[in-house]
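Remarks on the structure that follows.
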Amino acid sequence: MVTAACFMHRILRARLKRRVATFLSVAILMLLTAPQSAHAGLRVCNGSVDLVNVAIGYDTEDGLRTEGWWTITSNACSQVLQEPLKATNYYLHVSDGFGEGRLGGDVTLCIRQEKFVLFDGDQCWQRGLIEADFFKIETEGAEDWTVLLSYD
């Protein structure tokens, strides 16, 4: 014979099982749909005390591409490229808030003063563009890379 206490115990156990199953389902769904905290791509962090403007260059199927600008405040980072990196070499040009180059480099590529996307890094003057020094970043084939700027 089933007593009232035993009957209540069975009901409470059944409710607890449903709640645990619901909780686990919600937890798994949240894990599967949660945004990833780390983004693949190229990230530039400004470890200096000055605001900087950044332009990048890299090889694509369509040729050498340069683009800019990303403005990065002091002690902040910017995700410059959002996709996993494909090239092994990237090029970075850094200027201060007045447009003066802050870091030298061995590679000369074309830029503009306003936001830009350009292809082919040569014959800047003939195309009405500005020549700028870029330094090479070797990513060693990694899909994600962070550059820390510190020149103070």
Side-chain angles (χ1 to χ4, degrees), residues 13-152:
R13 242 173 90 181
R15 284 184 184 171
L16 181 61
K17 283 183 181 180
R18 282 192 300 257
R19 285 184 181 167
V20 169
T22 302
F23 173 77
L24 289 175
S25 298
V26 169
I28 290 170
L29 182 63
M30 288 176 63
L31 285 173
L32 294 175
T33 60
Q36 299 296 320
S37 60
H39 299 287
L42 182 62
R43 183 176 174 93
V44 179
C45 295
N46 179 8
S48 75
V49 296
D50 298 322
L51 173 139
V52 295
N53 294 304
V54 173
I56 59 169
Y58 55 97
D59 286 313
T60 69
E61 293 175 358
D62 299 323
L64 182 64
R65 174 183 173 126
T66 55
E67 58 183 293
W69 296 96
W70 288 267
T71 300
I72 309 172
T73 59
S74 175
N75 297 313
C77 298
S78 181
Q79 189 76 24
V80 176
L81 293 176
Q82 306 292 329
E83 312 86 34
L85 303 179
K86 296 177 183 166
T88 55
N89 295 319
Y90 290 81
Y91 305 93
L92 198 65
H93 172 76
V94 180
S95 64
D96 61 19
F98 302 104
E100 297 295 321
R102 295 294 294 184
L103 297 171
D106 298 338
V107 179
T108 301
L109 299 173
C110 304
I111 62 170
R112 291 181 189 232
Q113 288 183 332
E114 63 277 350
K115 284 196 172 285
F116 66 92
V117 174
L118 303 169
F119 287 92
D120 298 323
D122 59 351
Q123 300 178 348
C124 300
W125 295 110
Q126 293 88 332
R127 298 179 355 186
L129 304 170
I130 302 166
E131 286 185 344
D133 291 334
F134 285 68
F135 66 91
K136 183 161 72 168
I137 301 165
E138 297 178 12
T139 61
E140 303 167 359
E143 291 184 343
D144 185 44
W145 199 264
T146 299
V147 177
L148 174 61
L149 302 173
S150 180
Y151 51 83
D152 296 328

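Everything numeric in this text was worked out from a predicted model, so none of it was measured.
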- Audit row: Leu149, Leu92, side-chain contact (heavy atoms from CB on, under 4.5 Å) steps and yes/no: CA-CA 11 Å; Leu149 302 173; Leu92 198 65; 4.0 Å; yes
- Where do Glu131 and Cys124 come nearest, in terms of heavy atoms and distance? CG-CB, 3.5 Å
- Query: What is the distance from atom NE2 of His93 to atom CG of Leu109, rounded to the nearest 0.5 Å?
  - Reply: 10.0 Å
- Query: Between Asp144, Ile56, Thr146, which is the residue that forms a side-chain contact (heavy atoms from CB on, under 4.5 Å) with Leu42?
  - Reply: Ile56
- Between Gly47 and Ser150, what is the shortest heavy-atom contact and its length? O-OG, 4.4 Å
- Task: With sequence neighbours excluded, give me every side-chain hydrogen bond (donor to acceptor under 3.5 Å, both in side chains) pair touching residues 68-78.
- Result: Asn53-Thr71
- Can you sort out the partners of Leu148 under side chain to side chain contact (heavy atoms under 4.5 Å, CB included), two or more places apart, ordered by chain and number? Cys45
- Mind checking the CG-CD spacing from Asp50 to Glu100? Nearest 0.5 Å is all I need. 12.5 Å
- Message: Quick check against the 3.5 Å criterion: does Thr66 have a side-chain atom that pairs as donor or acceptor with the backbone of Cys110?
- Response: yes
- Looking at OG1 of Thr60 and NZ of Lys86, how far apart are the two atoms once the value is rounded to the nearest 0.5 Å? 10.0 Å
- Query: What residues, two or more places apart in sequence or in another chain, satisfy side chain to side chain contact (heavy atoms under 4.5 Å, CB included) together with Glu138?
  - Reply: Asn89, Lys136
- Query: Sequence neighbours excluded, which residues qualify as salt bridge (charged side-chain N to carboxylate O under 4.0 Å, His left out) partners of Glu114?
  - Reply: Arg112
- Message: One pair to check against side-chain contact (heavy atoms from CB on, under 4.5 Å): Leu81 and Trp145. What are the steps and the verdict?
- Response: CA-CA 10 Å; Leu81 293 176; Trp145 199 264; over 6 Å; no
- Note on the structure: All heavy atoms of Arg43 vs all of Cys77, minimum pair found to be NH2-CB, 3.4 Å
- Taking the side chain from Thr88 and the backbone from Thr139, do they hold a donor-acceptor pair closer than 3.5 Å? no
- Item | Pairs touching residues 64-73 that satisfy salt bridge (Lys or Arg N to Asp or Glu O under 4.0 Å), sequence neighbours left out | Arg65-Glu67
- Message: Quick check: closest heavy atoms across Asp59 and Ala87, and the distance to 0.1 Å?
- Response: O-CB, 4.2 Å
- Sorted by chain and number, sequence neighbours left out, side chain to side chain contact (heavy atoms under 4.5 Å, CB included) with Gln113 holds for Ile130
- Task: State the OG-CG distance between Ser95 and Asp133, to the nearest 0.5 angstrom.
- Result: 12.0 Å
- Which heavy-atom pair separates Phe116 from Ala55 by the least distance, and what is that distance? CZ-CB, 3.8 Å
